[in-house]
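All remarks here apply to the structure that follows.
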Amino acid sequence: MRQWLLAIVCFGATACFGVTGGVASRALAEDPVAFRAETIDDSVAIGYGVAAGDVDGDGKLDLILADKTEFVWYRNGDWRRFVLARDLTVMDNVCLAARDIDGDGRVEIAVGALWNPGDTENSGSVHYLIPPDDRTELWEAVELPREPTVHRMKWVRLAPQRFALVVVPLHGRGNRNGEGAGVKVLAYEPPADVREPWTLSTVDESLHMTHNFEVIPPSTEDGPESLLIVGREGARLSRWDGEAWQSQAIDRIEGSGEVRVGMTTPGEQLIATIEPMHGDKLVVYPVLGDCRGSDWSVADRWVIDDSYNAGHAVAIGDLLGTGADQIVAGWRLPNAEGKVGLRLYWRVADERFESMWIDDNTMATEDAILADLDGDGDLDVVAAGRATKNLKVYWNLRDENPAR
């Protein structure tokens with residue numbers, strides 16, 4: 001029997017934030033949702049990255065984790081832990097990408113390892129994992145070419161039934177203190193036989209220290225997905241035009257570490273970032289136009305919380321069922337109040353956002369995602385903690401009585 005913990009134990013403690021950041025006032029309304037926290041793993045080594053996807057083909061979303069020396073998955077239901085790959089390199093693992101790219105109902109998985117941000121020449125590795133017949137056993141790792149300091153990766157759709165693995169390093173080759181060569185962002189297209197050479201193309205190499213990126217859905221059903229890449233120097237939008245990658249700067253977005261795109265209200269989009277890289281601010285940019293195209297801009301810059309320390313996770317989705325998206329964000333080092341944590345933010349008017357705790361001081365957030373893990377139609381929150389060494393699911397109780 002699952003042992004449940006109430007993640008929200010006090011109602012009426014919602015914080016209201018404005019563009020100046022920090023807690024501006026206390027709202028009188030109750031928190032709009034409660035969560036039950038379930039610890040999936042309490043002995044995570046680092047928890048660099050977490051993803052959700054159907055690994056075994058049972059129709060349920062499993063959890064996949066990039067940990068220090070192992071890539072693992074947790075089976076939805078009993079949450080039993082299975083190792084995908086271990087000790088691929090002599091250094092830490094750092095990232096993973098999981099997505100069903102061939103339409104068989106099961107995710108394809110790629111991973112990044114040999115993490116050493118101080119070595120901008122020889123660090124970094126990229127591997128595609130080939131599943132065995134029994135996916136609970138170890139998977140075969142096929143090593144692919146790489147740039148140094150491999151840091152983030154995602155599967156991106158270029159056209160119907162055509163995907164590429166996009167890999168974003170932290171630094172450019174030979175870079176020192178964020179200066180020198182630009183970061184070479186690469187796209188890897190898999191061949192029919194994944195053990196054969198993959199087709200590589202350069203997405204962008206104009207930034208000098210990047211950190212994360214967002215995949216933006218296309219404006220048409222058959223169109224390519226685009227990428228919003230952020231780093232110390234700001235943001236770049238990259239899009240496959242059918243023959244090559246085209247990139248452009250997005251003005252006014254400041255140096256950032258994390259980025260996600262969502263809807264403030266139906267038809268109005270926002271971009272949420274953590275600024276600066278590993279910074280103390282959660283920032284929202286309202287969008288003019290449609291991020292799914294190439295002709296858009298940001299209209300303003302709203303700092304909605306400036307109380308973080310080493311902000312390292314942002315996720316966006318409609319957890320409240322309002323038709324607009326909310327923001328989940330977290331940080332991994334104790335802030336001025338001595339706390340680590342994970343919070344939920346929602347827009348109430350113009351640049352005003354309110355917030356509530358999802359996890360108050362038991363999650364040193366390294367990464368966080370949203371997924372409907374129990375199939376009830378509500379997005380749940382998943383987070384991995386670095387200093388707290390845990391992986392937790394926060395079950396969304398929007399349609400339940402929080403007092404149960």
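Positions are given from 1, in the same order as the sequence printed here. No experiment lies behind these values; they were computed from the predicted model shown. Both backbone and side-chain heavy atoms feed into the values below; hydrogens, waters and symmetry mates do not.
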Criterion side chain to side chain contact (heavy atoms under 4.5 Å, CB included) on Leu144 and Tyr188, from CA distance to verdict: CA-CA 9 Å; Leu144 305 176; Tyr188 299 65; 4.0 Å; yes

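- In terms of modelled atom types and a separation under 3.5 Å, the side chain of Tyr74 and the main chain of Leu391 share no donor-acceptor contact.
- Residues Leu129 and Ala85 share a closest heavy-atom pair of CD2-CB, 4.3 Å.
- A donor-acceptor pair under 3.5 Å links the side-chain atoms of Ser123 to the main chain of Thr149, judged by distance alone.
- Counting only N and O atoms by type, the side chains of Tyr345 and Asp305 include a donor and acceptor under 3.5 Å apart.
- Ion pairing between Asp350 and Arg352 fails under the 4.0 Å rule for side-chain N and carboxylate O.
- Salt bridge annotation for Lys392-Asp359: present, with a cationic side-chain nitrogen under 4.0 angstrom from a carboxylate oxygen.
- In this structure, a donor-acceptor pair under 3.5 Å is absent between the side chains of Asn335 and Tyr308.
- A donor-acceptor distance shorter than 3.5 angstrom exists from the side chain of His151 to the backbone of His211, with no hydrogens or angles considered.
- Put simply, CZ on Phe213 and CG on Leu237 are 13.0 Å apart, with the number rounded to the nearest 0.5 Å.
- Residues Thr365 and Arg332 bring no donor and acceptor atom of their side chains to less than 3.5 Å of each other.
- Between the side chains of Asn93 and Glu70, not a single donor N or O lies within less than 3.5 Å of an accepting N or O.
- For the atom pair Asp325 CG and Leu319 CG, the distance stands at 9.0 Å (nearest 0.5 Å).
- By the 4.5 Å heavy-atom criterion applied to side chains, Ile271 and Leu228 are counted as neighbours.
- Checked by atom type and distance alone, the side chain of Arg146 pairs as donor or acceptor with a backbone atom of Gly124 at under 3.5 Å.
- For Asp104, the CG atom sits in a packed shell: over 12 heavy atoms of surrounding residues, nucleotides or ligands are nearer than 6.0 Å.
- Checked by atom type, the side-chain pair Ser201/Trp245 shows a donor-acceptor distance below 3.5 Å.
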Does the ring-ring contact (aromatic ring centres under 6.0 Å, His included) test come out yes or no for His278 and His312, once each step is laid out? CA-CA 6 Å; His278 292 173; His312 212 260; 5.0 Å; yes

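- Residues Asn361 and Thr388 fail the side-chain proximity criterion, which asks for heavy atoms closer than 4.5 Å.
- Centroid-to-centroid, the aromatic rings of Phe71 and Trp139 stay 6.0 Å apart or farther.
- Side-chain N/O atoms of Asp222 and Thr220 include no donor and acceptor closer than 3.5 Å.
- Under the 4.0 Å criterion applied to side-chain N and carboxylate O atoms, Glu147 and Arg173 are assigned as salt-bridge partners.
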Trace of the salt bridge (Lys or Arg N to Asp or Glu O under 4.0 Å) decision for Arg195 with Glu140: CA-CA 10 Å; Arg195 296 179 180 87; Glu140 177 187 350; 2.7 Å; yes

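- The ring of His208 has its center no closer than 6.0 angstrom to the ring center of His171.
- Val261 is not listed as a side-chain neighbour of Leu270, based on a closest heavy-atom distance of 4.5 Å or more.
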What do the steps show when you test Val44 against Asn390 for side chain to side chain contact (heavy atoms under 4.5 Å, CB included), and what is the final call? CA-CA 5 Å; Val44 170; Asn390 49 357; 5.6 Å; no

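- With rounding to the nearest 0.5 angstrom, the CH2 atom of Trp198 is 6.5 Å from the CG atom of Leu165.
- Asp62 places a side-chain N or O within 3.5 Å of a backbone atom of Asn76 that can act as its donor or acceptor partner.
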Quick one, Leu207 with Val230, criterion side chain to side chain contact (heavy atoms under 4.5 Å, CB included). Give me CA distance, side-chain angles, the key distance, then yes/no. CA-CA 9 Å; Leu207 299 172; Val230 295; over 6 Å; no

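- Panel note: side chain Thr273, backbone Val284; no donor-acceptor pair is recorded below 3.5 Å.
- Looking at heavy atoms from C-beta onward, Phe353 lies in side-chain contact with Ile327 at the 4.5 angstrom threshold.
- Ring centers of Trp73 and Phe82: under 6.0 Å apart, within the cut-off.
- Between Asp380 and Asp372 there is a side-chain heavy-atom pair separated by less than 4.5 Å.
- Not a single donor-acceptor pair under 3.5 Å links the side chain of Arg36 to the backbone N or O of Leu397.
- For the residue pair Asp42 and Thr39, no side-chain donor N or O sits within less than 3.5 Å of a side-chain acceptor on the partner.
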Verdict with reasoning, Arg99 to Glu108, per salt bridge (Lys or Arg N to Asp or Glu O under 4.0 Å): CA-CA 5 Å; Arg99 185 171 181 177; Glu108 280 66 49; over 6 Å; no

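- Using a 4.5 Å heavy-atom cutoff, the side chains of Leu373 and Trp79 are in contact.
- Here the side chain of Asp54 pairs a donor or acceptor atom with the backbone of Gly59 at under 3.5 angstrom.
- Within 6.0 Å of the CG atom in Asp193, the count of heavy atoms belonging to other residues, nucleotides or ligands exceeds 12.
- Distance alone, capped at 3.5 Å, places no donor-acceptor pair between the Asn396 side chain and the Asp378 backbone.
- Between Arg347 and Glu354, no side-chain nitrogen of the basic residue sits less than 4.0 Å from a carboxylate oxygen of the acidic one, so the salt-bridge criterion is not met.
- Of the charged side-chain nitrogens involved, none lies within less than 4.0 Å of a carboxylate oxygen, so that Lys281 and Asp306 do not count as a salt-bridged pair.
- Between Glu366 and Lys389, no side-chain nitrogen of the basic residue sits less than 4.0 Å from a carboxylate oxygen of the acidic one, so the salt-bridge criterion is not met.
- Here the straight-line distance linking atom OG of Ser247 with atom CD1 of Ile229 works out to 6.0 Å at 0.5 Å rounding.
- Val167 is not listed as a side-chain neighbour of Val185, based on a closest heavy-atom distance of 4.5 Å or more.
- Counting heavy atoms from C-beta on, the side chains of Val381 and Val393 never come closer than 4.5 Å.
- Summarising the geometry, atom OG belonging to Ser226 is positioned 9.5 Å from atom CD belonging to Gln248; distances are rounded to the nearest 0.5 Å.
- A salt bridge does not link Glu189 to Arg157: none of the charged nitrogens lies less than 4.0 Å from a carboxylate oxygen.
- With 3.5 Å as the limit, one finds no donor-acceptor pair spanning the side chains of Arg239 and Ser294.
- A salt bridge links Asp92 to Lys68: at least one charged side-chain nitrogen sits closer than 4.0 Å to a carboxylate oxygen.
- One finds a salt bridge joining Asp204 and Arg236 here, because a Lys/Arg side-chain nitrogen approaches an Asp/Glu carboxylate oxygen to under 4.0 Å.
- Panel note: side chain Gln326, backbone Ala324; a donor-acceptor pair is recorded below 3.5 Å.
- The two residues Pro218 and Arg292 have their closest heavy-atom pair at O-CD, 3.6 Å.
- One finds a salt bridge joining Asp360 and Lys339 here, because a Lys/Arg side-chain nitrogen approaches an Asp/Glu carboxylate oxygen to under 4.0 Å.
- Cys95 contributes atom SG, which lies 7.0 Å from atom CZ of Arg152 (distance to the nearest 0.5 angstrom).
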Full working for side chain to side chain contact (heavy atoms under 4.5 Å, CB included) between Arg301 and Val283: CA-CA 7 Å; Arg301 178 177 181 269; Val283 178; 3.6 Å; yes

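- Arg81 has a carboxylate O that lies under 4.0 Å from a charged side-chain N of Asp41, or vice versa, which qualifies the two as a salt bridge.
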